[in-house]
Enquirer: 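Have a look at this one.
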Amino acid sequence: MSRPELVAPPEIYYGDIEAKKYTKNTRNQQIQADMTYRALELLNLPPDEPAFLLDIGCGSGLSGEILDEEGYIWTGVDIAPSMLEVALEREVEGDLFLQDIGQGFGFRPGSFDGAISISVLQWLLNAETSHPTSSPPHRLARFFTTLHSSLRNPSRAVFQFYPSSDDQIQLITSIAQKAGFGGGIVVDYPNSKKARKVFLCLYVGGGGGSQQQLPEGLDGEEVDDSKVRFERRRERETAKQGKRGNVKDKHWILKKKELYRKRGKESVPRDSKFTGRKRRPVF
């Protein structure tokens, strides 16, 4: 009797498909771009100076691409292997780590000049198990304590998130303050149900100077320059794709395989004389 063939669980394939679908959706791309540009604005980094940033919940690298374009070096962490796999396939520039942020970080103290996070923080409010150490307060405490240690003094961390109540906002901000952070909540377009966005803007050190004063939220009509920048970015990407033509030639395939080998990807096919060879049409 032959041994059954080992097949990966269907949910793994489903996760890969959903991650790719999410990443290719232009609406998702624009929302991510809007939030990332705004987070960088609130981060208020010195202009024309290099900075090393932490992208918390980096996903497939949509926000990381904007960090690249703005001239920053970055490291990304995410809990979803399928999203990180898409990020690797897209050859993002940042270093990527598989990480449950509720377990805390292990980075060297003072590693980062700042941190951003888009649509992630609210997930720490979900209890994984009934064990006390898996409760939202414990997970938030581990997260903020180790993040505070990972940031240099002075610096900022900006989180765009979706709280479901004022109690959640109070819980998150109080635990962040106990971990040593200053700062608070910034709300853009508070009177608009559609455009309203909540940001947690945190500070490390700074002595309470002007650099660490809480910014004001946007108000009035929603006029966002990030949409213009996103459209220009799409035009550049379209132009690049038009110039590339048939990129899947032998040189492209060899380069891609070498990149996967360096990143430790298993089961990369060996190079051979047939690599990249076009098949003859069958009549």
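Quantities reported herein were computed from a predicted structural model and do not represent experimental measurements.
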Enquirer: Mind listing the closest non-hydrogen atom pair of G57 and D78 along with its distance?
Expert: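 The pair with the smallest heavy-atom distance is C-OD2, 3.2 Å.
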
Enquirer: Could you check whether D68 and W74, counting side-chain N and O atoms only, form a donor-acceptor pair closer than 3.5 Å?
Expert: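 Yes.
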
Enquirer: Could you check, using the six-membered ring where one of them is a Trp, whether F105 and F143 have ring centers closer than 6.0 angstrom?
Expert: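 Between F143 and F105, which both carry aromatic rings, the centre distance is below 6.0 Å.
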
Enquirer: Test H148 against T145 for side chain to side chain donor-acceptor pair (under 3.5 Å), laying out the working first.
Expert: CA-CA 5 Å; H148 187 278; T145 301; over 6 Å; no

Enquirer: Would you compute the distance between atom CD of Q103 and atom CD1 of I79 and round it to the nearest 0.5 angstrom?
Expert: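 Going from the CD atom of Q103 to the CD1 atom of I79 covers 8.5 Å.
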
Enquirer: Please tell me if the side chains of L53 and L40 come closer than 4.5 Å, counting only heavy atoms from C-beta onward.
Expert: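 They are in contact (side-chain heavy atoms under 4.5 Å apart), so the answer is yes.
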
Enquirer: Please report the shortest heavy-atom distance between V86 and A19, naming the atom on each side.
Expert: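 Taking V86 first and A19 second, the nearest heavy atoms are CG2-CB, 3.7 Å.
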
Enquirer: Determine whether S60 and T23 satisfy the following criterion, side chain to side chain donor-acceptor pair (under 3.5 Å), listing intermediate values before the conclusion.
Expert: CA-CA 7 Å; S60 57; T23 303; 2.7 Å; yes

Enquirer: Can you give me the closest heavy-atom contact between F199 and A39, atom names plus distance?
Expert: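 For F199 and A39, the tightest heavy-atom pair comes out as CE2-N, 4.4 Å.
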
Enquirer: If you measure only the distance, is there a donor-acceptor pair under 3.5 Å linking the side chains of D113 and S155?
Expert: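 S155 and D113 do not have a side-chain donor-acceptor pair below 3.5 Å.
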
Enquirer: Give a yes or no on whether the backbone of S119 and the side-chain of Q160 come within a donor-acceptor separation of less than 3.5 Å.
Expert: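 It does hold such a pair.
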
Enquirer: Can any side-chain N or O of R152 pair as donor or acceptor with the backbone N or O of P154 at less than 3.5 Å?
Expert: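 Indeed, once roles are kept as given, a pair shorter than 3.5 Å links the two residues.
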
Enquirer: Can a donor-acceptor pair be found, under 3.5 Å and without considering hydrogens, that links the side chain of S111 to the backbone of R108?
Expert: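 Pair found, side chain donor or acceptor close to backbone of R108.
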
Enquirer: Show the nearest heavy-atom pair for residues S63 and T36, with the distance to one decimal.
Expert: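 Here S63 and T36 meet closest at CB-OG1, 3.2 Å.
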
Enquirer: Could you check whether any side-chain N or O of D55 sits under 3.5 Å from a backbone N or O of T75, counting only pairs where one atom can act as donor and the other as acceptor?
Expert: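 Side chain of D55 to backbone of T75: no pair is present.
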
Enquirer: Judged by atom type as modelled, is there a donor-acceptor pair below 3.5 Å linking the side chain of Q30 to the main-chain atoms of T26?
Expert: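 No, the answer is negative, given that no donor and acceptor are paired below the 3.5 Å cut-off.
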
Enquirer: Are the side chain of E18 and the backbone of S82 linked by a donor-acceptor contact shorter than 3.5 Å?
Expert: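 No, because the side chain of E18 does not come within donor-acceptor range (under 3.5 Å) of the backbone of S82.
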
Enquirer: Following the transitive rule for hydrophobic clusters with a side-chain heavy-atom cut-off under 4.5 Å over Ile, Leu, Val, Met, Phe, Trp and Tyr, establish whether L140 and W123 coincide in one cluster.
Expert: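 In one cluster: no.
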
Enquirer: So, are R38 and D188 salt-bridged, with charged N and O less than 4.0 Å apart?
Expert: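 Here R38 pairs with D188 in a salt bridge, since their nearest N and O are under 4.0 Å apart.
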
Enquirer: Has S117 got a side-chain atom pairing as donor or acceptor with I56's backbone, closer than 3.5 angstrom?
Expert: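 A pair under 3.5 Å: yes.
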
Enquirer: Closest approach of A87 and G61, non-hydrogen atoms and distance?
Expert: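 So the minimum-distance heavy-atom pair works out to CB-N, 4.2 Å.
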
Enquirer: What are the two closest non-hydrogen atoms of R139 and N126, and how far apart are they?
Expert: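 Nearest heavy atoms, R139 then N126: NE-O, 4.1 Å.
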
Enquirer: Hey, does the side chain of R142 reach the backbone of G102 with a donor-acceptor pair shorter than 3.5 angstrom?
Expert: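 Yes.
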
Enquirer: Between V198 and F161, is the side-chain contact (heavy atoms from CB on, under 4.5 Å) condition met? List the steps.
Expert: CA-CA 6 Å; V198 178; F161 71 113; 3.7 Å; yes

Enquirer: Do the side chain of R156 and the main chain of L42 share a donor and acceptor less than 3.5 angstrom apart?
Expert: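 Yes, because the side chain of R156 sits within donor-acceptor range (under 3.5 Å) of the backbone of L42.
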
Enquirer: Using side-chain contact (heavy atoms from CB on, under 4.5 Å), reason through I116 and L43 one step at a time and then give a plain yes or no.
Expert: CA-CA 8 Å; I116 67 166; L43 209 56; 3.8 Å; yes

Enquirer: Are the side chain of Y203 and the backbone N or O of L214 linked by a donor-acceptor pair below 3.5 Å?
Expert: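 Yes: the side chain of Y203 pairs with the backbone of L214.
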
Enquirer: Using the rule given for side-chain contact (heavy atoms from CB on, under 4.5 Å), can you reason through L62 versus Y22, listing the C-alpha separation, both sets of side-chain angles and the distance that settles it, and then say yes or no?
Expert: CA-CA 10 Å; L62 293 178; Y22 176 90; 4.2 Å; yes

Enquirer: Under 6.0 Å between the ring centres of F112 and F107?
Expert: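 Yes, ring centres under 6.0 Å apart.
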
